**Student:** 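Dropping the structure in here first, questions after.
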Amino acid sequence: MMETLYLCQLLIDFGLVILIFMVQLTIYPSFRFYEKENLVRWHQQYTGAIAMVVAPLMLSQLALAFYMLIVTQQYFIACFHLLLVLATWVSTAVQFVPIHNRIGKNEHRDEDLKHLVQRNWLRVMLWSVIFIVSLVQYVRLHY
């Protein structure tokens with residue numbers, strides 16, 4: 001049972017690492033190439049589509065991190081993992097939701113588009129560390 005949970009955690013965390021690198025290296029930089037009106041239209045489609053991928057992954061990651069904290073005997077690592085996951089949620093809510101809301105309302109500035117790329121490095125780092133922690137946990141289970 002625990003091996004399956006660690007594998008699920010590892011796969012979810014890996015999925016989010018891949019996703020955040022795609023967002024960081026391709027999607028967010030591309031926003032600066034759109035005319036303002038076209039960006040608003042594209043952004044409406046993009047946010048709906050990406051939410052169908054991101055929401056289940058982030059919710060699963062959060063639920064599994066809480067569950068692992070309760071059932072695992074590696075309390076320190078599970079607690080560290082959960083704190084990192086919570087940090088991604090806080091970063092998303094505080095830094096990125098307001099910018100995406102401004103884009104959706106056509107109230108954004110060029111500075112907002114720059115901030116998406118600059119500030120997103122924090123989430124790239126967080127999800128990368130989360131994945132590494134999951135990988136270490138999974139490997140430790142097998143050795």
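Note that this is a predicted model, so its numbers are computed, not measured.
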**Student:** In Å, rounded to the nearest 0.5 Å, how long is the span from CG of Leu7 to CG of Leu141?
**Tutor:**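 These two atoms lie 10.0 Å from each other.
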**Student:** With a 4.5 Å heavy-atom cut-off, do Leu113 and Leu39 have their side chains touching?
**Tutor:** yes
**Student:** Is Asp110 atom CG crowded by more than 12 heavy atoms from other residues, nucleotides or ligands, each under 6.0 Å away?
**Tutor:** no
**Student:** Between Tyr75 and Leu83, is there a shared hydrophobic cluster once you connect ILVMFWY residues whose side-chain heavy atoms come closer than 4.5 Å?
**Tutor:**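 Not linked; separate clusters.
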**Student:** What about Ile18 and Leu59, same hydrophobic cluster or not, with Ile/Leu/Val/Met/Phe/Trp/Tyr joined at side-chain heavy-atom distances under 4.5 Å?
**Tutor:**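 Shared cluster, yes.
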**Student:** Report the residues that fulfil salt bridge (Lys or Arg N to Asp or Glu O under 4.0 Å) with Glu111, sequence neighbours left out, ordered by chain and then residue number.
**Tutor:**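 Glu111 satisfies salt bridge (Lys or Arg N to Asp or Glu O under 4.0 Å) with Arg109 once adjacent residues are dropped.
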**Student:** Which atom names give the shortest non-hydrogen contact between Val85 and Thr88, and what distance separates them?
**Tutor:** O-OG1, 2.5 Å
**Student:** For the atom pair OH (Tyr34) and CG (Asn38), what is the distance rounded to the nearest 0.5 Å?
**Tutor:** 8.5 Å
**Student:** With side chains defined as the heavy atoms from C-beta onward, is the minimum distance between Val133 and Ile77 less than 4.5 Å?
**Tutor:**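 With C-beta onward as the side chain, the pair touches.
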**Student:** Can you find a heavy atom in the side chain of Val40 that is under 4.5 Å from one in the side chain of Gln44?
**Tutor:**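 Yes; the side chains approach each other to less than 4.5 Å.
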**Student:** Roughly how far, to the nearest 0.5 Å, is CZ of Arg119 from NZ of Lys114?
**Tutor:** 12.5 Å
**Student:** What pairs with Arg102 under salt bridge (Lys or Arg N to Asp or Glu O under 4.0 Å), at least two apart in sequence or on another chain?
**Tutor:**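 Asp112.
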**Student:** Measure the CE-CG distance between Met125 and Leu84 for me, rounded to the nearest 0.5 Å.
**Tutor:** 8.0 Å
**Student:** Provide the full list of salt bridge (Lys or Arg N to Asp or Glu O under 4.0 Å) pairs with a residue in residues 26-43, sequence neighbours left out, each pair given once.
**Tutor:** none
**Student:** Which pair of non-hydrogen atoms, one from Ala93 and one from Pro98, has the smallest distance, and what is that distance?
**Tutor:** O-CD, 3.3 Å
**Student:** Examine Ile70 and Met68 and state if one hydrophobic cluster contains both, with Ile, Leu, Val, Met, Phe, Trp and Tyr joined whenever side-chain heavy atoms are less than 4.5 Å apart.
**Tutor:**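 Ile70 clusters together with Met68.
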**Student:** Group every Ile, Leu, Val, Met, Phe, Trp and Tyr by side-chain heavy-atom contacts under 4.5 Å, then state whether Val97 and Leu116 land in the same group.
**Tutor:** no
**Student:** Does CE in Met22 sit with more than 12 non-hydrogen atoms of other residues, nucleotides or ligands closer than 6.0 Å?
**Tutor:** no
**Student:** So how far is it from Ile27 CD1 to Tyr46 OH, rounded to the nearest 0.5 Å?
**Tutor:**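 One gets 4.5 Å once the value is rounded to the nearest 0.5 Å.
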**Student:** Whether the side chain of Thr26 engages the backbone of Val23 through a donor-acceptor N/O pair (distance < 3.5 Å, no angle test) should be reported.
**Tutor:**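 Not a single qualifying donor-acceptor pair exists.
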**Student:** So, do Asn101 and Glu107 sit near enough that their side-chain heavy atoms are less than 4.5 Å apart?
**Tutor:**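 Sidechains of Glu107 and Asn101: no contact.
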**Student:** What distance separates Gln9 CD from Ile130 CD1, expressed to the nearest 0.5 Å?
**Tutor:**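 Here the rounded value is 9.5 Å.
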**Student:** Work out which heavy atom in Pro56 is nearest to a heavy atom in Ala51; give both atom names and the distance.
**Tutor:** CD-O, 3.7 Å
**Student:** Are side-chain heavy atoms of Leu82 and Leu62 found at a separation under 4.5 Å?
**Tutor:** yes
**Student:** Which heavy atom of Trp121 sits nearest a heavy atom of Val117, and at what distance?
**Tutor:** CD1-O, 3.4 Å
**Student:** Give me the ring orientation class for Phe131 and Phe14: parallel if the planes are under 30° apart, tilted from 30 to 60°, perpendicular past 60°.
**Tutor:**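 The arrangement is tilted - the two ring planes meet at 30° to 60°.
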**Student:** Closest approach of Leu57 and Ile12, non-hydrogen atoms and distance?
**Tutor:** O-CG2, 3.6 Å
**Student:** So which pairs with a foot in residues 48-64 pass side chain to side chain donor-acceptor pair (under 3.5 Å), sequence neighbours left out?
**Tutor:** Asp13-Gln61, Gln61-Trp127
**Student:** Show me the pairs that pass ring pair (Phe, Tyr, Trp, His ring centres under 6.0 Å) and involve residues 78-119, at least two apart or across chains.
**Tutor:**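 Listed by first then second residue: Tyr28-His100, His43-His100.
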**Student:** Quick check on the hydrophobic clustering: are Val136 and Leu64 connected, directly or via other members, by side-chain heavy-atom contacts under 4.5 Å?
**Tutor:**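 Each belongs to a different hydrophobic cluster.
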**Student:** Who pairs with Thr92 by side chain to side chain donor-acceptor pair (under 3.5 Å), at least two apart in sequence or on another chain?
**Tutor:**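 For Thr92, the residues satisfying side chain to side chain donor-acceptor pair (under 3.5 Å) (neighbours in sequence not counted) are Arg123.
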**Student:** Does a donor on one side chain and an acceptor on the other come within less than 3.5 Å for Thr72 and Tyr6?
**Tutor:** yes
**Student:** Are the side chain of Gln24 and the backbone N or O of Val124 linked by a donor-acceptor pair below 3.5 Å?
**Tutor:**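 Such a contact is absent between Gln24 side chain and Val124 backbone.
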**Student:** Counting C-beta onward and ignoring hydrogens, is there a side-chain heavy-atom pair between Leu16 and Leu19 closer than 4.5 Å?
**Tutor:** yes
